[in-house]
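Small disclaimer: the values here were computed from a predicted structure and weren't measured. In what follows, chains carry the letters A, B, and so on, assigned in the order in which the sequence lines appear, proteins first and then strands, with residues in each chain numbered from 1.
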Protein chains: 2
Amino acid sequence: MRETKQKTAILEFLRSKRQHHSAIQIYDAVREKIPNISLGTVYRNLGALIESGEIISVETNDKCVFYDGFIADHAHFVCQGCKGIFDFDMPTGMTEEMKKSGFKVSSEHLVCYGLCSECAKNTAQ
Amino acid sequence: MRETKQKTAILEFLRSKRQHHSAIQIYDAVREKIPNISLGTVYRNLGALIESGEIISVETNDKCVFYDGFIADHAHFVCQGCKGIFDFDMPTGMTEEMKKSGFKVSSEHLVCYGLCSECAKNTAQ
DNA sequence: GATATAATGATAATAGTAATCATTACTGAT
DNA sequence: ATCAGTAATGATTACTATTATCATTATATC
């Protein structure tokens with residue numbers, strides 16, 4: 001995998017923001033640095049970066065995919081009110097049962113849905 | 001929500017098989033009973049059944065969506081070898097941290113990736 | 001059974017992502 | 001530093017899964 005300014009810009013953007021971004025959001029952000037970057041290049045690099053383990057992706061219920069440059073094991077919470085994505089520690093001891101069955105777990109994706117503290121406060125009457 | 005033979009057939013199929021099926025697989029299976037059912041109807045009913053909580057959906061890494069008529073809380077394991085989907089108990093005590101933060105958790109989706117016992121055995125040299 | 005209307009089948013439309021291909025630009029050897 | 005080989009790019013087209021549209025059909029209520 002060669003070093004290109006497009007790939008570097010995408011990775012730097014994802015690492016600079018502790019948030020989750022869709023492919024188009026990344027495209028828009030990177031275009032400020034590389035105005036003529038192609039959306040295809042963004043998708044190609046996101047795929048390659050996932051493949052190499054430099055970023056991860058989060059798929060939410062409504063078929064949206066978000067990319068995350070923070071790769072330490074963590075769970076995601078999707079707020080159905082404000083649509084925000086929040087990080088949480090991954091619960092431990094989760095894969096015990098699977099390992100017992102002889103399964104080799106290479107990654108685990110935990111996404112929870114509900115209301116964040118703010119939205120929960122506002123909907124309570 | 002009205003009772004239709006299309007909806008009944010979809011739900012019965014999903015409940016009869018303890019496996020996970022994509023929309024097209026469901027379409028093909030139900031077409032044996034209702035040959036002229038439309039794929040749009042399948043999608044419409046799958047959406048409605050998810051909405052009403054009668055089935056659940058599992059999104060895997062490679063953008064495939066599978067539907068599951070077994071709705072008791074459980075985690076999914078996707079084998080990257082044979083592409084099979086396996087069920088596991090959902091680990092307990094998982095949402096403690098989220099609840100402590102004032103978050104209201106309504107559902108949790110845990111998908112793990114790796115190799116099932118069979119595929120792990122075959123790839124070990 | 002007649003009526004109201006939700007759901008259907010057929011089709012077209014959309015959105016997100018992947019493939020194509022000529023051109024550009026990294027990288028390693030000279 | 002220059003060059004050659006080739007991986008990655010931008011522009012575009014193609015694809016696939018899903019959703020919307022709409023006239024027609026079938027379900028539930030009276």
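One can place CG of B:Leu39 at 14 Å from C1' of D:dA20, the figure rounded to the nearest angstrom. One interatomic measurement links the two molecules: NZ of A:Lys63 to P of D:dT16, which rounds to 18 Å at whole-angstrom precision. Atom CD1 of B:Ile50 is separated from atom C1' of D:dT18 by 12 Å (rounded to the nearest Å). Atoms CD (A:Glu59) and P (C:dG16) sit 15 Å apart, rounded to a whole Å. Computed from coordinates, the B:Tyr43 OH to D:dT21 P distance equals 18 Å when rounded to whole Å. Rounded to an integer number of Å, the gap from B:Gln25 CD to D:dA17 C1' is 14 Å.
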Validation: residues 29-43 of chain B side-chain donor-acceptor distances under 3.5 Å, sequence neighbours left out:
unit_1  : atom_1 : unit_2  : atom_2 : d
B:Arg31 : NH2    : B:Asp28 : OD1    : 2.7
B:Ser38 : OG     : B:Gly40 : N      : 3.1

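Using cut-offs of 30° and 60° on the angle between ring planes, the pair A:His74 and A:Phe70 is tilted.
The backbone N or O of A:Asn61 sits less than 3.5 Å from a side-chain atom of A:Tyr113, completing a donor-acceptor pair.
Taking OH of B:Tyr67 as the start and CG of B:Leu14 as the end, the distance is 10.0 Å to the nearest 0.5 Å.
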Give every pair of a protein N or O atom and an N or O atom of nucleotides 6-9 of chain C that lie under 3.5 Å apart, one pair per line with the distance.
unit_1 : atom_1 : unit_2  : atom_2 : d
C:dA6  : O4'    : B:Arg2  : NE     : 3.4
C:dA6  : O4'    : B:Arg2  : NH1    : 3.4
C:dA6  : O4'    : B:Arg2  : NH2    : 3.4
C:dA6  : N3     : B:Arg2  : NH1    : 3.2
C:dA7  : OP1    : B:Arg2  : N      : 3.1
C:dT8  : OP1    : B:Thr4  : OG1    : 2.9
C:dT8  : OP1    : B:Asn45 : ND2    : 3.2
C:dT8  : OP2    : B:Arg44 : NH1    : 3.2
C:dT8  : OP2    : B:Asn45 : ND2    : 3.4
C:dT8  : O3'    : B:Gln6  : NE2    : 3.0
C:dG9  : OP1    : B:Gln6  : NE2    : 3.2
C:dG9  : OP2    : B:Ser38 : N      : 3.1
C:dG9  : OP2    : B:Thr41 : OG1    : 2.6
C:dG9  : N7     : B:Arg44 : NH2    : 3.2

Before you tell me yes or no, could you show the steps for B:Val78 and A:His109 under side-chain contact (heavy atoms from CB on, under 4.5 Å), namely the whole-Å CA-CA distance, both residues' side-chain angles and the distance that decides it to 0.1 Å?
CA-CA 11 Å; B:Val78 179; A:His109 290 224; over 6 Å; no
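For the side chain to side chain donor-acceptor pair (under 3.5 Å) test with A:Asp68, the passing option among A:Gln19, A:His21, A:Arg18 is A:Arg18; the others fail.
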